[in-house]
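Both counts, for ligands and for their atoms, begin at 1 and track the order of listing. Keep in mind the model is a prediction, meaning the values are calculated, not measured.
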Amino acid sequence: MAERFITIEGTEGAGKTTAMQIIIEWLQARGEEVVSTREPGGTALGEELRAVLLAHRSDGMSAEAEVLLMFAARAEHLARVIRPALARGAWVVCDRFTDASIAYQGAGRALGIERIQRLADWVHPDIQPGLTLWLDLPVELGLTRAARRSTPDRFEAEETAFFERIREGYAAIAEQQPERIQRIAAEQTPEQVKARIIAVLEAYTKPGVIDD
Ligand code: TMP
């Protein structure tokens, strides 16, 4: 487990960007070095793979190709950004990580959680986020929010049932790992969401909980 590795998860429109900002500012106010990044992406290759993965020109891509491209981007991200940052003692705050592959490809695309776990065991057997904030929002609400923001990408254009399976996938892993995965009820007011995120961060960084 990497204690300084924090990830943010959730379905579309749940407020990940705002949550990222809150976490980054909170850590920086304590004088910490923070590397803020995202998946798929975070490196030149990763951003190219992201473009392929999200574009409608890839409509109909097989679920297997999709998950392998996610992990190809992740392997590059780990090698070039995440591992070096953690090694020098920085915090890494990442918008999505392997839990997204479990939820989207494992549950959403029905590849099965175990198959994704095998890829994770191969690509990063030694690294797992210390803390994951799961912004949980009723699917319809999130999709309405996301649609207001921009034209739907290849994932956002999926039907509601896909996102319901993803939400169930997140719920399943949150139940399995209640220490690491903290659920944030994202339909609350922005102030309530912020207060809850800060409470989670305070509890997580309390002396004795993580090493300095
Ligand atoms: P974002 O736009 O929320 O940053 O994420 C891009 C899309 O990629 C989003 O719809 C979720 C999807 N995704 C997966 O399906 N599997 C993954 O492993 C990751 C990291 C993202």
Side-chain angles (χ1 to χ4, degrees), residues 5-21 23-24 36-43 45-78 81-82 92-113 115-124 127-129 132-137 139 141-170 172-173 181 184 186:
F5 184 21
I6 299 180
T7 59
I8 324 291
E9 297 286 351
T11 43
E12 331 298 303
K16 289 187 290 104
T17 310
T18 311
M20 288 279 291
Q21 222 37 58
I23 297 167
I24 293 161
S36 150
T37 187
R38 69 172 179 182
E39 290 207 351
T43 64
L45 174 62
E47 291 295 330
E48 285 197 45
L49 292 174
R50 179 188 178 92
V52 170
L53 280 157
L54 268 54
H56 285 286
R57 66 176 184 275
S58 307
D59 281 350
M61 176 188 290
S62 71
E64 287 81 1
E66 185 176 285
V67 76
L68 290 169
L69 289 177
M70 291 291 178
F71 272 93
R74 183 160 299 133
E76 186 75 0
H77 196 205
L78 280 157
V81 177
I82 299 176
V92 175
V93 182
C94 191
D95 185 340
R96 299 192 185 282
F97 191 62
T98 292
D99 294 317
S101 301
I102 291 180
Y104 279 72
Q105 282 71 47
R109 303 281 193 221
L111 285 176
I113 290 181
R115 284 166 87 188
I116 314 301
Q117 196 52 57
R118 282 207 291 278
L119 287 173
D121 290 343
W122 182 60
V123 173
H124 56 91
I127 289 195
Q128 137 125 296
T132 297
L133 301 182
W134 168 38
L135 293 157
D136 184 32
L137 190 68
V139 166
L141 192 55
L143 289 177
T144 312
R145 280 195 201 172
R148 268 204 305 268
R149 211 164 47 196
S150 55
T151 28
D153 64 30
R154 197 171 64 85
F155 287 96
E156 290 163 348
E158 287 287 340
E159 82 281 21
T160 308
F162 174 68
F163 294 102
E164 295 289 2
R165 291 194 295 278
I166 291 165
R167 193 178 181 203
E168 284 163 20
Y170 277 128
I173 51 178
I181 305 179
I184 313 274

Exercise. Between E39 and ligand 1, which part of the residue brings a heavy atom under 4.0 Å of the ligand: side chain, backbone, both or neither?
Worked result: both
Problem set entry | Within-cut-off N or O pair, R74 and ligand 1, under 3.5 Å | yes
Exercise. So which protein heavy atom does atom 5 (O) of ligand 1 come closest to, and at what separation?
Worked result: R96 NE, 3.2 Å
Problem set entry | Within reach of ligand 1, part of E156 (heavy-atom separation under 4.0 Å) | neither
Problem set entry | Sidechain-backbone polar pair: E9 side chain, L135 backbone, donor-acceptor under 3.5 Å | no
Problem set entry | R96 side-chain N/O to G10 backbone N/O, donor-acceptor pair under 3.5 Å | yes
Exercise. Taking the non-hydrogen atoms of E12, is any one of them nearer than 4.0 angstrom to ligand 1?
Worked result: yes
Exercise. At a 4.0 Å threshold, what atoms of ligand 1 neighbour a non-hydrogen atom of K16?
Worked result: 1 (P), 3 (O), 4 (O)
Seminar exercise, completed: Tightest non-hydrogen contact, residues T98 and A120, listed as CG2-CB, 3.8 Å
Exercise. Which ligand 1 atoms are under 4.0 Å away from a heavy-atom of A100?
Worked result: 16 (N), 17 (C), 18 (O), 19 (C), 20 (C)
For this session: Could you tell me whether E66 and ligand 1 have an N or O pair separated by under 3.5 Å?
Result: no
For this session: Describe, in one word, how the ring planes of Y104 and F155 are oriented to each other, choosing from parallel (under 30°), tilted (30 to 60°) and perpendicular (over 60°).
Result: perpendicular
For this session: Please confirm whether the backbone N or O of T132 pairs with a side-chain atom of T7, one donor and one acceptor, at under 3.5 Å?
Result: no
Seminar exercise, completed: Applying side chain to side chain contact (heavy atoms under 4.5 Å, CB included) to E158 and not counting sequence neighbours gives R109, F162, F163
Seminar exercise, completed: closest protein heavy atom to atom 17 (C) of ligand 1 is M70 SD, 3.3 Å
For this session: Return a yes/no value for S101: is any of its N or O atoms, backbone included, closer than 3.5 angstrom to an N or O of ligand 1?
Result: yes
Exercise. So between F162, F155, F97, whose heavy atom ends up nearest atom 7 (C) of ligand 1?
Worked result: F155
Seminar exercise, completed: On a heavy-atom basis, the closest approach of T37 and G42 is OG1-CA, 3.4 Å
Exercise. P40 heavy atoms, cut-off 4.0 Å: which ligand 1 atoms fall inside?
Worked result: 8 (O), 19 (C), 20 (C), 21 (C)
Exercise. With respect to atom 2 (O) of ligand 1, which of R50, E158, E9, R109 exhibits the smallest heavy-atom separation?
Worked result: R50
Seminar exercise, completed: Heavy atoms of M20 and S36 approach each other most closely as CE-OG, 3.8 Å
Problem set entry | Q105 to ligand 1, any heavy atom closer than 4.0 Å | yes
Exercise. Got a second to check how far E66's CD is from L53's CG, nearest 0.5 Å?
Worked result: 6.5 Å
